[in-house]
Number of protein chains: 2
Amino acid sequence: MRVEKTYSPKLSVDGVTVDRRDIEMLEAIDEHGSMHAAADALGRSYARLQNRVVEIEEAVGTITERKRGGSGGGGTVLTDTGRELRRRFERHDAELDGVARATESVVTGTVRDRTGELATVDTSVGPVMALVPEGAERVQVGIRSDAVVLTDPSEAPDPDRTSLRNRFRGTVERIESGDAIVRVTVALALEGADAGDDPDPDPDPVELQALITRASTDRLALEPGREVVASFKATAARATRIDAGGDESERA
Amino acid sequence: MRVEKTYSPKLSVDGVTVDRRDIEMLEAIDEHGSMHAAADALGRSYARLQNRVVEIEEAVGTITERKRGGSGGGGTVLTDTGRELRRRFERHDAELDGVARATESVVTGTVRDRTGELATVDTSVGPVMALVPEGAERVQVGIRSDAVVLTDPSEAPDPDRTSLRNRFRGTVERIESGDAIVRVTVALALEGADAGDDPDPDPDPVELQALITRASTDRLALEPGREVVASFKATAARATRIDAGGDESERA
DNA sequence: CGTCGTAGTATCTATGACGATACAACGCCG
DNA sequence: CGGCGTTGTATCGTCATAGATACTACGACG
């Protein structure tokens, strides 16, 4: 099952939500200086396009300066507000794109302590601090690979002096290199590996992926087999509830 | 202009993209044990619902076990694949939700060095390593607040031993407390504040927001005025291009 | 062997979004 | 003062999505 994470960014103002199509419209208007030219360039009808601009303006404010008559017949120019709206959207899109592309490591566990939206989740690699939805007991914790920090175990920062709440030892398992970005897969050390108490075979890979720069890979001299400390913030780890776990305790 | 960041999560498999509505459908089926009951509960028509299930199954595989006839007339049950699809979606949604809710700090600057998708951006607070789209020169760098790590300046980790590429000194400006999560706003120190060379007044707030746990706030003894080091990974900083900057160099 | 509640399928219709088209309003310019 | 190219507005047709409805197929159970 080859699943691809997708999304469609939107900005919601007052009642209207502007989507990518609207932003492309603004871009075309900005580029061509008139709504007719923009409509032609986009292969859209002028009427709809004009209506949409008015709709957005009713919620957002003046995003265009539209003139009819005059030299050249008039024209339409984006205002600063309009440009700001574009930039807002681009930033939002970039953020979401980051999430959709960064792989995610998943660990399952059960919620122990909880304070508000934050909780400690017991997993096979030890306790994990994460954001947990209300009332969840059995959860999957997702850790975004662009939020994982790798450090040299010899000079690991004092955990009391940073806001990095989650720290795990592990060994580098795999390194996949891109242009400037490298994806490092770390096999986490299981907690109490010799404990016969907990009969949880947990077939979880217990792998943690980290997206770091190639330069960092070199500085840390990372290579398969090397020991590292992987840390991430509690606010970058998000849990989702699992209803029935692996059990089919329904419809007996 | 009160803008709210929104999004709609989607999972794309083969040709079809399943959205939140599909997932809600699966949930209802799982809960009620039959597609008719699910359709009623959702206020949707059975026909469309049934068609949709088949469509998704053609791409994803068997997500339901549908039986007709038999005791009770039959029924529909989610398969493990179906449940897995649900969980995948929930995780994806949780990630995107994190992005939409975490505030973002924005710094503008110009691209200097670049290696692949990674580049150094010169800003008023110094160089920032970030992911930069191709061909961009003048950019806005967005830094997600849940990716910013705060550390005590006295015991700041050796930058050569971690994969945290961006480090900035600053002073705590504001602390907004939630239940368990605290938002800390850090005023970054400007680079070369006495330099008369660079006539860039840059009205940027040059503020960096960090989302950290309340416990971390206590351990670091954070309070307004206190000096801290704020760090974040290059892979967590994303730049978007600015076309004309503040200048209106078009349509003379 | 008929009943019942489900799955499966086909057809019609309502709705909304959008393109296509036509026409009025505007204002500078030759 | 008429022409031109724009904005603004109204109307119609088209298309896709989805609800409504009606019907068949299925299979355990009384």
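Just so it is clear, the model here is predicted, and its values are computed rather than measured. Order of the sequence lines sets the chain letters (A, B, ...), proteins ahead of strands, with each chain counted from 1.
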Worksheet item: Is the shortest distance from a Lys or Arg side-chain nitrogen in A/Arg91 or B/Glu104 to a carboxylate oxygen in the other one below 4.0 Å?
Response: yes
What's the [atom1]-[atom2] distance between [X] and [N], to the nearest Å?
X: A/Leu49; N: D/dT7; atom1: CG; atom2: C1'; answer: 12 Å
X: B/Gln50; N: D/dA25; atom1: CD; atom2: C1'; answer: 13 Å
X: B/Asn51; N: D/dT21; atom1: CG; atom2: P; answer: 17 Å
X: B/Glu57; N: C/dG8; atom1: CD; atom2: C1'; answer: 13 Å
X: A/Tyr46; N: C/dA25; atom1: OH; atom2: P; answer: 15 Å
X: B/Arg68; N: C/dG8; atom1: CZ; atom2: P; answer: 6 Å
X: A/Asp40; N: C/dC18; atom1: CG; atom2: P; answer: 18 Å
X: B/Leu42; N: D/dA18; atom1: CG; atom2: P; answer: 13 Å

Worksheet item: Which atom names give the shortest non-hydrogen contact between B/Lys10 and A/Ser8, and what distance separates them?
Response: NZ-OG, 2.9 Å
Worksheet item: Shortest non-hydrogen contact from B/Thr6 to A/Leu96?
Response: O-CD1, 4.4 Å
[X] vs [N]: side-chain N/O to OP1/OP2 distance below 4.0 Å:
X: A/His36; N: D/dG5; result: no
X: A/Thr76; N: D/dT7; result: yes
X: B/Arg66; N: C/dG8; result: yes

Discussion item. Donor-acceptor pair, distance only, cut-off 3.5 Å: does the side chain of B/His32 make one with the backbone of B/Thr76?
Written reply: no
Worksheet item: For the side chain of B/Gln209 and the backbone of B/Ser145, is there at least one donor-acceptor N/O pair under 3.5 Å apart?
Response: no
Discussion item. Both A/Ala47 and A/Gly69 contact DNA chain C. Which one's nearest nucleotide lies toward the 5' end?
Written reply: A/Ala47
Regarding [X], tell me which of base, sugar-phosphate or nothing describes its non-hydrogen contacts under 4.0 Å with the strands shown.
X: B/Gly72; value: sugar-phosphate
X: B/Arg48; value: base
X: B/Arg52; value: nothing

Worksheet, complete the sentence: Winner on side-chain proximity to A/Ser71, out of D/dT6, C/dC29, D/dA18, is C/dC29
Worksheet, complete the sentence: Winner on side-chain proximity to A/Ser45, out of D/dT7, C/dG19, C/dA7, is C/dG19
